Amino acid sequence: MTKTFMKNKMFLAGQWVSRENEMNVYNPQDNSMIGTVPAASEHDVQFAIEEAKSGQMIAASLPVHERMAILNRAANWIYEHKEQYATVIALESSKTIREARKEVRRCIETLRISAEEVRRMNGETISFDQMPGSENRVGYYYRFPIGIISAITPFNDPLNLVAHKVGPAIAAGNAILVKPAPATPLSALLLAEAFDKAGLPPKILSVITGHTSDIGDALITHPAIRMISFTGGLATGEMIMKKAGLKKMSMELGSNSPVIVMKDADLELAIDSSVSGAFWAAGQNCLGVQRIYAQNEIFEEFVERFVKRTKQYRVGNKLSEETDMGPMISENEAKRVESWVNEAVQKGATLLCGGKRTGAYYEPTVLIHVPSDCKISKEEVFGPVVSIFKVSDLDTAIHEANHVPFGLQAGIFTQDLDKAFQAIQKLDVGGVMINDSSDYRIDAMPFGGVKGSGIGREGISFAIQEMTEPKVVCFKLSMQ
């Protein structure tokens with residue numbers, strides 16, 4: 001593993017600052033310390049918010065062409081330093097270098113799409129004369145920035161999921177405070193560096209590193225914060241909503257994503273897509289394939305071929321070009337997944353492969369015959385474990401797929417358009433992928449779920465809608 005140590009400053013209202021108190025950043029592969037970041041205090045958050053009050057006015061006054069230019073310059077900076085960005089992602093997170101490079105490419109695209117969407121922040125004219133007595137009124141509405149946004153981001157996509165909040169916020173003319181996950185702050189700081197180099201005016205962006213217990217409440221309860229954009233677990237999301245008060249919310253929460261494989265499916269396609277969907281980023285992916293429902297007629301063949309492909313997955317050094325899967329984000333997380341799998345096996349599940357832990361590494365794992373009362377059946381495992389179930393028909397598969405408290409995305413493999421449209425209509429999720437796994441996503445699409453998977457939508461143009469408000473303008477004319 002490359003020995004790299006980074007002593008970082010945090011980006012506070014446009015200034016790079018150090019603090020006497022620091023947090024260590026570790027590589028989950030071997031628990032080696034790869035850097036330090038400041039441990040911010042509540043005072044730092046209060047300062048950033050006060051500065052952001054001016055920052056939001058500066059951001060709102062930036063003309064569209066300047067917002068576009070800043071976003072494109074930031075994207076260009078990341079492109080010019082893309083290998084550095086990918087290496088940092090691979091060092092501090094669970095991703096392999098190949099997975100990290102894909103995340104960097106997506107981040108660049110996210111910022112470039114944000115630049116494009118600025119020009120499409122349009123309103124509409126309103127026909128006031130539809131109401132009798134309003135024949136002499138004309139007007140329109142336009143969208144204006146919401147103000148100061150607090151963004152709380154997770155460890156699993158430490159660069160692009162930050163960009164998914166920062167890019168649209170700047171495009172919409174807002175100020176934004178980012179609190180990255182304590183395990184992976186370095187990538188977020190690199191994103192701040194790109195905007196600093198791109199000439200973003202001070203006070204618009206802060207990336208505040210610190211312990212949630214020290215700064216979390218200040219970031220969600222302060223009355224000047226007008227919106228909270230959170231990506232993380234359901235329990236934390238519910239806690240934030242209870243504490244925050246009257247604020248706009250965007251919540252991208254948990255999942256337990258299903259994939260349905262019908263007897264007429266292209267099995268090679270279904271296996272390739274679902275294996276990748278289950279074990280990408282060591283399964284720490286909100287869209288990751290956790291449950292597969294295969295029809296009776298092809299169940300045995302599907303399971304056999306799925307297990308064979310899973311056993312070919314190469315687990316090891318994250319920086320090796322040959323590695324398919326790295327460790328989980330911490331040994332504690334790997335132990336949690338291990339306990340969930342053990343519980344399922346003790347209750348009657350059959351372990352077909354994997355099920356072994358070494359430190360933070362947990363082998364790609366496949367289960368069948370999983371009882372419905374196991375944690376792994378209903379909750380989000382967020383690890384490299386997939387359960388495969390036998391079903392008689394599509395109705396049964398849809399019923400079982402919906403029988404969890406989440407509804408982010410789902411996949412179905414079939415050549416029958418009628419079955420595909422039946423799944424589209426009846427699956428209780430925010431997105432249905434036909435002949436693809438549940439984890440397919442592009443950064444321009446509306447992304448979010450129903451039930452315990454959250455509220456609101458990300459995806460650049462949809463995030464901009466969330467981060468702005470409509471203002472109605474009406475002229476009463478003197479009619480002769």
Side-chain angles (χ1 to χ4, degrees), residues 10-13 19 21 23 37-56 59 145-158 161-170 172-185 188-189 191-192 203-254 286 447-449 452-458 463-469:
M10 66 179 171
F11 195 63
L12 198 64
R19 290 291 179 264
N21 292 329
M23 296 193 317
V37 295
S41 65
E42 185 176 339
H43 173 78
D44 291 318
V45 174
Q46 298 290 346
F47 173 81
I49 292 172
E50 290 303 314
E51 293 293 281
K53 290 177 181 178
S54 300
Q56 70 179 22
I146 196 167
I148 304 175
I149 297 168
S150 179
I152 303 170
T153 60
F155 68 81
N156 56 317
D157 286 297
L161 287 185
V162 180
H164 260 279
K165 301 179 189 304
V166 174
I170 290 171
N174 294 294
I176 182 167
L177 284 65
V178 178
K179 182 199 170 298
T184 55
L189 292 170
L191 183 67
K203 304 185 180 184
I204 294 174
L205 172 64
S206 291
V207 175
I208 307 170
T209 56
H211 301 285
T212 303
S213 57
D214 294 333
I215 63 175
D217 280 2
L219 282 165
I220 62 177
T221 60
H222 197 288
I225 301 291
R226 297 309 307 140
M227 178 180 178
I228 297 170
S229 181
F230 172 74
T231 301
L234 173 58
T236 305
E238 289 177 331
M239 178 274 292
I240 289 172
M241 293 193 74
K242 289 174 182 176
K243 285 186 175 182
L246 189 61
K247 294 177 172 61
K248 226 177 176 184
M249 297 282 177
S250 175
M251 293 274 153
E252 200 274 280
L253 307 176
C286 59
F447 177 71
S453 289
I455 56 173
R457 291 294 182 268
E458 293 200 337
I464 288 173
Q465 291 291 307
E466 302 277 357
M467 293 175 174
T468 55
E469 298 281 15

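These numbers were taken from a predicted model, which means no experiment stands behind them.
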- So which heavy atom on Ala172 is nearest to which on Ile464, and how close? CB-CG2, 4.3 Å
- Query: What distance do Met467 atom CE and Ser229 atom OG have between them, rounded to the nearest 0.5 Å?
  - Reply: 5.0 Å
- Query: Do the side chains of Gln465 and Arg457 get nearer than 4.5 Å, heavy atoms only?
  - Reply: no
- Query: Rounded to the nearest 0.5 Å, how far does CG of Asn156 lie from OG1 of Thr231?
  - Reply: 8.5 Å
- So CG of Leu219 and CD of Glu42: to nearest 0.5 Å the spacing works out to 9.5 Å
- Of Ile146, Ile220, Ile228, Ile149, the residue whose pairing with Lys247 passes side chain to side chain contact (heavy atoms under 4.5 Å, CB included): Ile228
- Task: Apply the test side-chain contact (heavy atoms from CB on, under 4.5 Å) to residues Ile225 and Ile148: give CA-CA distance (whole Å), side-chain angles for both, the deciding distance (0.1 Å), then the verdict.
- Result: CA-CA 5 Å; Ile225 301 291; Ile148 304 175; 3.7 Å; yes
- Are any non-hydrogen side-chain atoms of Asn174 and Met227 less than 4.5 angstrom apart? no
- Rounded to the nearest 0.5 angstrom, the CG-CD1 distance for Leu189 and Ile208 is 11.0 Å
- Message: I'd like to check the ring-ring contact (aromatic ring centres under 6.0 Å, His included) partners of Phe155; sequence neighbours left out, ordered by chain and number.
- Response: Phe382
- Would a 4.5 Å heavy-atom cut-off, applied to side chains only, mark Asp44 and Leu12 as touching? yes
- Message: Quick check: do Leu205 and Ile176 have side-chain heavy atoms less than 4.5 Å from each other?
- Response: yes
- Task: Report yes if some heavy atom in the side chain of Lys165 is under 4.5 Å from a heavy atom in the side chain of Val178; otherwise report no.
- Result: no
- Verify the neighbour count for atom CD of Gln46: are there more than 12 heavy atoms of other residues, nucleotides or ligands below 6.0 Å? yes
- Message: Restricting to non-hydrogen atoms, name the atom on Ile455 and the atom on Met241 that form the minimum distance, rounded to 0.1 Å.
- Response: CD1-CE, 3.6 Å
- Message: Once rounded to the nearest 0.5 Å, what's the spacing between atom CZ of Phe11 and atom OG of Ser206?
- Response: 7.5 Å
- Minimum heavy-atom distance Thr184-Pro154, with the two atoms named: OG1-O, 4.0 Å
- Message: If you compare all heavy atoms of Gly456 against all heavy atoms of Glu466, which two are closest, and at what distance to 0.1 Å?
- Response: CA-OE2, 3.4 Å
- If you look at every heavy atom in Leu253 and Gly237, which pair is closest and at what distance? CD2-CA, 3.9 Å
- Ile152 vs Thr212, side-chain contact (heavy atoms from CB on, under 4.5 Å): CA-CA, chis, key distance, verdict: CA-CA 10 Å; Ile152 303 170; Thr212 303; over 6 Å; no
- Message: Minimum heavy-atom separation for Gly173 and Pro145, please, with both atom names.
- Response: O-CB, 3.3 Å
- Task: Mind running side-chain contact (heavy atoms from CB on, under 4.5 Å) on Gln56 and Arg226 for me, showing each step along the way?
- Result: CA-CA 11 Å; Gln56 70 179 22; Arg226 297 309 307 140; 5.7 Å; no
- Provide the full list of salt bridge (charged side-chain N to carboxylate O under 4.0 Å, His left out) pairs with a residue in residues 203-219, sequence neighbours left out, each pair given once. Glu51-Lys203, Asp217-Lys243
- Atom NE2 in His211, atom CG in Asn21: separation rounded to 0.5 Å? 8.0 Å
